[in-house]
Amino acid sequence: MDKRDIVQILAKDSLLTEDETKRSFEILNSQSEESSPWFVQLLTGAGAWLAAVMFAIFFGFTGIIKDETGAIIVGFILVAIAFLISVRSKQAIPVFPDQLLLATSLTGHVLLMVGFYSEFNDQHYIAAVVIVLLSLCFILFYKNQLHKFISTWLLLAGLWVLAAELGIQPLAFMALLVIVVAALSAWMWMNESHYLSGRWKNIGRPVQYAFVFALLSGEGIIERFYSIFWYSRDWNQHGEILTSFPYTRVVSAGLFLVLAYVIILIMNRLKIDWKSLTGAGFLIFALIITIVFYQSPSIMAALIVLLIGIERANRILVPFAIMALVYFYGDYYYSIDMTLMKKSLILMSSGLIMLAGGWLVRRVGQVGERS
Amino acid sequence: MLSLPKNLSVDKSWLYRLASEIPLDGEAVESALCKMGVLPDRNDWRNWLMLIGYGLGAALFLTGVIFFFAYNWENLHRFGRFTFVGSGVIISALAAYWSGLDKFSGKLWLTAASVLTGVLLAIFGMVYQTGADSYMLFASWAFLIFFWVFAARFQPLWLIWLVLINMAFGRWFFVISHHWPGYGGIFSEWIILLPVVVNGGILLIREKTTIIHNSYKEGRWFPRIIAFCLLGGLTLIPVEGIFSGGHGGVWVVLLVMYFVVLLAMIYFYLNVRHDLLMLTLAAISIIFVLTCGFIRVLFEGGTDIGGIFFVGLFILAETTIAARLLLTLSRKWKSHENTNG
């Protein structure tokens with residue numbers, strides 16, 4: 001079935017008006033602008049980043065920026081130039097100026113962050129507020145998709161830093177952020193088709209990917225390093241803060257709800273009643289996974305992304321989630337306090353259970369086909 | 001029967017473009033995705049769950065076996081150790097035979113047998129303390145499993161075999177090179193000469209024949225990994241020449257090989273088999289070399305640190321030109337596909 005057949009079927013099902021059908025054929029016949037492959041975007045993004053670093057070094061070493069105030073002023077000018085040109089441009093910006101603007105903006109961001117952080121040494125929340133507001137503006141109005149992705153990640157990081165600076169228990173806020181980001185990721189991805197057009201069309205995609213990236217990277221980082229930036233100033237605080245909030249239990253509970261939500265949506269689409277034996281079986285399995293891995297919510301996060309990736313047939317999410325799952329699982333077993341003997345028995349048992357599970361799914365399928 | 005899910009390979013980028021430009025509502029897009037076979041149906045989900053179950057299950061089980069073995073190593077008699085791992089090799093090989101090498105499960109079993117062969121060799125070396133160098137382990141391992149690798153026509157197993165070959169050569173060179181007069185250290189260009197020939201040869205075989213895989217439609221990740229490592233290693237040759245002047249002998253040979261490989265890749269993936277990622281790798285290599293050349297020219301002329309601004313601009317210009325060319329190519333190929341149906 002080719003593209004034209006699909007369009008005709010949609011028209012026949014009254015999902016497309018006559019005008020929309022005609023326009024669809026015109027677009028299919030023309031050589032329209034399309035988004036570039038991910039590796040070309042990676043190339044341009046890497047080039048922009050490298051150039052931004054070079055520009056920042058240039059500003060730093062040539063004495064144009066003499067102090068923090070200079071960094072803030074220059075940073076603001078660069079960001080403003082990039083933002084205004086992008087927002088005011090009515091047509092798509094050609095590749096070279098677009099990359100130049102991206103590098104200019106990123107350089108400005110770096111200078112602003114460094115400038116505000118240094119200038120307000122005892123009030124770092126000001127730097128966080130600036131980053132949060134700046135990121136919001138860029139997500140909503142700036143045209144470059146890669147920049148929206150970076151800005152979304154910066155927004156989340158900025159929110160967490162802001163909360164910590166305002167005295168909110170950092171682990172509690174991080175737990176809330178992880179659960180909210182997981183929920184938003186699941187909601188946006190499972191309803192992906194509704195974010196491809198209208199006012200969401202330029203925001204949906206980069207934000208969706210940024211949420212997934214932030215979820216997995218944030219989880220990985222928090223479980224490993226726990227805020228290198230903020231708590232390196234006072235290591236004595238670590239023990240108290242780490243034990244004062246049940247982070248892993250709270251996040252695991254929250255991620256279980258998100259996982260259950262994703263499973264229920266998938267079952268709804270496949271017309272499997274979640275109250276039936278099969279449906280309940282899947283939800284119970286999700287609960288078992290949560291209980292077994294409650295000490296490592298990153299495994300749950302990777303599993304959620306994997307299910308979303310499979311359901312939406314996304315070629316970036318699936319391998320990314322598999323790599324994350326393998327890494328987090330390996331890290332979990334590496335770090336738990338157990339003898340090698342016990343670890344080996346647990347791994348062999350869980351391996352056999354997974355193999356049995358795969359076999360069971362196959363048998364159920366074969367029985368279903370025969371009936 | 002277990003089969004690899006196909007819904008991931010369906011191209012849906014044209015639908016997303018329509019959704020954005022018309023615009024289409026969410027219901028129409030979802031309906032189209034269903035009809036295109038993008039959204040997995042119950043069979044697809046069953047295949048995915050089986051793949052995850054078998055794949056993860058096998059990985060967990062094997063890891064558990066390795067940990068068990070590591071824990072009990074000291075207490076096991078040497079024949080116990082050989083029996084334990086040797087049984088694994090035999091069972092995996094038999095399971096591969098019963099499953100059949102045309103099936104994914106059969107290929108997985110043969111991969112397990114190949115990996116366990118190396119474990120067996122390692123145990124042999126540890127038990128008998130022959131004093132053999134580590135390159136002999138990798139070389140023997142690669143030699144013993146070669147027939148299985150050839151028979152399986154399974155890209156992951158070929159990748160494991162290639163890694164073994166490269167490690168064997170690397171270790172061999174490290175050990176014997178101290179005995180060569182005029183030896184230039186482990187970073188001498190000799191270290192990459194044979195791997196370049198072997199890896200380049202495997203890449204050529206992969207692209208021109210079906211010896212390594214079942215059909216030309218199988219995943220492209222394997223040749224891309226080889227091309228990345230091949231071109232990545234060779235790119236250091238002209239860079240070395242730029243910053244340290246280079247020297248005759250092997251370096252010249254390798255420099256010629258760099259240009260040959262680069263031009264061959266560009267020609268092949270531009271005209272014979274369209275692969276934009278491969279051309280992007282070639283572009284990255286060229287950008288890297290040109291940038292190093294620019295830095296050398298700029299700073300050798302006595303430019304101060306301010307010249308770094310121009311380096312940034314140069315990088316931007318290069319990546320922009322490369323991206324533009326690649327995008328133009330991509331559109332041209334897509335348009336050609338649309339015309340031919």
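When the shell of 6.0 Å around CZ of B/Phe228 is examined, it contains 12 or fewer heavy atoms from other residues, nucleotides or ligands. For CH2 of A/Trp189, the number of neighbouring non-hydrogen atoms (other residues, nucleotides, ligands) closer than 6.0 Å is greater than 12. No more than 12 heavy-atom neighbours from other residues, nucleotides or ligands sit within 6.0 angstrom of CZ on A/Phe282. Around the CZ atom of B/Phe294, the shell of radius 6.0 Å holds more than 12 heavy atoms that belong to other residues, nucleotides or ligands.
For the pair A/Ile57 and B/Phe309, the minimum side-chain heavy-atom distance is 4.5 Å or more. Between A/Met354 and B/Tyr54, the closest side-chain pair of non-hydrogen atoms is not below 4.5 Å. The closest side-chain heavy-atom distance from A/Phe39 to B/Leu276 is below 4.5 Å. Using a 4.5 Å heavy-atom threshold, the side chains of B/Glu27 and A/Asp13 count as separate. Proximity of B/Ile52 to A/Leu306: side-chain heavy atoms (C-beta onward) are separated by under 4.5 Å at one or more points. Counting heavy atoms from C-beta on, the side chains of A/Lys343 and B/Tyr71 never come closer than 4.5 Å. Between A/Ser344 and B/Val65, the closest side-chain pair of non-hydrogen atoms is not below 4.5 Å. The closest side-chain heavy-atom distance from B/Thr280 to A/Leu42 is not below 4.5 Å.
A donor-acceptor contact shorter than 3.5 Å is absent between the side chain of A/Arg312 and the backbone of B/Leu39.
Atoms CZ and CE, from A/Arg363 and B/Met50 in turn, are 12.0 Å apart once rounded to the nearest 0.5 Å. To the nearest 0.5 angstrom, A/Ile310 atom CD1 is 5.0 Å from B/Trp48 atom CH2. Rounded to the nearest 0.5 angstrom, A/Ile353 CD1 and B/Leu56 CG are separated by 13.0 Å.
Most heavy-atom pairs under 4.5 Å with chain B: of the set A/Leu352, A/Thr44, A/Leu102, A/Leu360, this distinction falls to A/Leu352. Chain B forms the most heavy-atom pairs under 4.5 Å with one residue out of A/Lys342, A/Arg23, A/Met348, and that residue is A/Met348. With respect to chain B, the highest number of heavy-atom pairs below 4.5 Å among A/Ala52, A/Gly358, A/Ser193, A/Gly47 belongs to A/Ser193. Counting heavy-atom pairs closer than 4.5 Å to chain A, the top-ranked of the candidates B/Phe314, B/Tyr16, B/Trp45 is B/Trp45. The candidate with the highest count of non-hydrogen atom pairs below 4.5 Å against chain B, out of A/Ile266, A/Leu50, A/Ile346, is A/Ile266.
Interface remark: A/Asp19 contributes no atoms to any contact with chain B (heavy atom separation under 4.5 Å). Only the side chain of B/Leu326 has a heavy atom closer than 4.5 Å to any heavy atom of chain A. Using a 4.5 Å cut-off between heavy atoms, B/Leu15 makes no contact with chain A at all. Within the 4.5 angstrom heavy-atom criterion, only side-chain atoms of A/Val7, from C-beta onward, approach chain B. Heavy atoms closer than 4.5 Å to chain A are found in both the backbone and the side chain of B/Ala317. Heavy-atom distances place the side chain of A/Leu10, and not its backbone, under 4.5 Å from chain B. Both the backbone and the side chain of A/Leu307 come within less than 4.5 Å of a heavy atom of chain B. The contact between A/Leu325 and chain B is made entirely by side chain atoms (from C-beta outward), counting heavy-atom distances below 4.5 Å.
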Problem set entry | Stepwise side-chain contact (heavy atoms from CB on, under 4.5 Å) check, A/Arg362 with B/Leu49 | CA-CA 9 Å; A/Arg362 185 178 173 180; B/Leu49 291 174; over 6 Å; no
For this session: Apply the test side-chain contact (heavy atoms from CB on, under 4.5 Å) to residues A/Leu340 and B/Phe68: give CA-CA distance (whole Å), side-chain angles for both, the deciding distance (0.1 Å), then the verdict.
Result: CA-CA 7 Å; A/Leu340 267 182; B/Phe68 179 84; over 6 Å; no
For this session: Show your reasoning for whether side-chain contact (heavy atoms from CB on, under 4.5 Å) applies to A/Leu345 and B/Phe67.
Result: CA-CA 9 Å; A/Leu345 292 173; B/Phe67 278 16; over 6 Å; no
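Contact between A/Leu347 and B/Gly64 at its shortest, heavy atoms only, is CB-CA, 3.6 Å. The shortest heavy-atom contact between A/Ala103 and B/Leu316 is CB-CD1, 4.1 Å.
No hydrogens or angles considered: nothing links the side chains of B/Thr320 and A/Gln99 as a donor-acceptor pair under 3.5 Å.
Between B/Asp41 and A/Arg269 there is no salt bridge, since no side-chain nitrogen of the basic residue lies less than 4.0 Å from a carboxylate oxygen of the acidic one.
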